[in-house]
There are 2 protein chains.
Amino acid sequence: MASLLDIAVTEFNQRGYDATSMEHLSRAAGITKSSFYHHISGKEALLRAALERALDGLFAVLREPGALAGTPLEQLRYVVGRQVEVLMAELPYVTLLLRVRGNTETERWALDRRRAFDAAVAAMVRAAMAAGEVRDDVNPAHAARLLSGLVNSIVEWYHPDRPGHADLPDELVRIAFEGLLPRP
Amino acid sequence: MASLLDIAVTEFNQRGYDATSMEHLSRAAGITKSSFYHHISGKEALLRAALERALDGLFAVLREPGALAGTPLEQLRYVVGRQVEVLMAELPYVTLLLRVRGNTETERWALDRRRAFDAAVAAMVRAAMAAGEVRDDVNPAHAARLLSGLVNSIVEWYHPDRPGHADLPDELVRIAFEGLLPRP
DNA sequence: GTCTATAATCAGATAGAC
DNA sequence: GTCTATCTGATTATAGAC
């Protein structure tokens, strides 16, 4: 049986957080709004719990051995691949995180933590470029932003139930680092 | 003086469409809510006008000579570069388009047209792959999705007023097709 | 074109019975 | 734990004076 958090996150992602009412959530859970309130303190608490789960999953990647050992490029490739895996494993939570706009204190907190994660990846891109392992004819800040954007865009179309997605982390790393052109 | 549409789109992008009230819009325009209603028929009409502008800009690219002549790869590179330029030129409108969730008839109409645009680009990716001009060791559908995601992710961080963004279309095309690794 | 005032509806949240 | 009933405030939209 799906938890109330799972149900809420599914609804939030379908309609958008602001467009989803407590009535929507309670109906999706099969109980009344009042009963729903017996279990959770409010709409924003649900949002906070979901965003925490997404952020915890992403930050954990940065502490894994593969993110800390090897050349700067090896570390970067590892983190990008794992980031895709976390995104796929925690899809609804990461999706919600990526759509936060900063309207409330909770949303601004999540945006701050997300920016910190992106900054860590950006530092790895700069380190790899300084080591000559990443091309230096593009703005490093742009390269980092585009890399993050490429990874995050997966939430817009990935569905866990569809087949043929097992290779996705590897495909993404290949395209990100080697590009769409055929190898020479 | 900014038009009411410009003002509304700015507000929609800041807070999200659903979280933005007519009160927000009229205050941003410097008039009362009632006066605002004198000029426009409702919130959704504003959304529709904005989404139309974004979609018209994107579809126009597909009809330009550069999108119709040359090898499949040349056509694809042209369209991707021009897509970035349109995104930069019509930033607020395209941003709004990319955040539509499908809650109303207007939003579903926009989603349909957007999917048609993406399908046209995906067809160009497949054509380039069939011609041996794009690597064939990735799923063509994934390659097309990732390419679109890469381009669209720019709306999350691009600001027209910041310097150093003139090369962005070219940088993006380089990264998309040649990847982040240094050239051999 | 702009305003004040207000209608009609819906939101998040609570009280209290069972 | 779940329910009906309700509160309070915000939201879209309109009426009608100036």
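Residue numbering restarts at 1 for every chain, and letters A, B, ... go by the order of the sequence lines.
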Ring-face cation of R48(A) near W109(A) (centre distance under 6.0 Å, axis angle within 45°): yes

side-chain contact (heavy atoms from CB on, under 4.5 Å) evaluation trace for F36(B) with L46(B): CA-CA 11 Å; F36(B) 199 87; L46(B) 282 167; 3.8 Å; yes

Stretch residues 20-29 of chain B: residues that reach within less than 4.0 Å of DNA chain C through a heavy atom: none

Cation-pi check, K43(A) onto Y37(A) ring (under 6.0 Å, within 45° of axis): no

Touch class at under 4.0 angstrom, heavy-atom based, for K33(B) against every strand present: base

Polar side chain donor-acceptor pair, H24(A) to S21(A), under 3.5 angstrom: yes

Side-chain donor-acceptor contact under 3.5 Å, E107(B) with Y17(B): no

Nearest-Å distance for atom pair CG/C1', residues D18(B) and dA10(D): 15 Å

E85(A)/R82(A) ion pair, N-O < 4.0 Å: yes

Mutual orientation of the aromatic rings belonging to Y158(B) and H165(B) [parallel < 30°, tilted 30-60°, perpendicular > 60°]: tilted

Whichever of S41(A) and A19(A) has its nearest DNA chain C nucleotide further upstream toward 5': A19(A)

Presence of S34(A) side-chain N/O under 4.0 Å of dC3(D) phosphate oxygens OP1/OP2: no

Parallel, tilted or perpendicular: rings of F117(B) and F59(B) (30°, 60°): perpendicular

Whole-Å distance separating the CG atom of L4(B) from the P atom of dG1(C): 10 Å

Integer-rounded Å distance: dA11(C) P and E44(A) CD: 18 Å

Nearest-Å distance for atom pair CZ/C1', residues R15(B) and dT11(D): 14 Å

Between dG12(C) (P) and K43(A) (NZ): distance, integer Å: 4 Å

Separation of atom CG in L46(A) from atom C1' in dG12(C), rounded to whole Å: 12 Å

dC3(C) OP1/OP2 closer than 4.0 Å to side-chain N/O of T32(B): yes

Separation of atom NE2 in H39(A) from atom P in dT14(C), rounded to whole Å: 15 Å

Donor-acceptor side-chain pairing of E11(B) and T20(B) below 3.5 angstrom: no

Integer-rounded Å distance: dG1(C) C1' and Y37(B) OH: 17 Å

H38(B) vs dT14(D): side-chain N/O to OP1/OP2 distance below 4.0 Å: no

Contacting residues from residues 100-111 of chain B, given that a heavy atom lies under 4.0 angstrom of DNA chain D: none

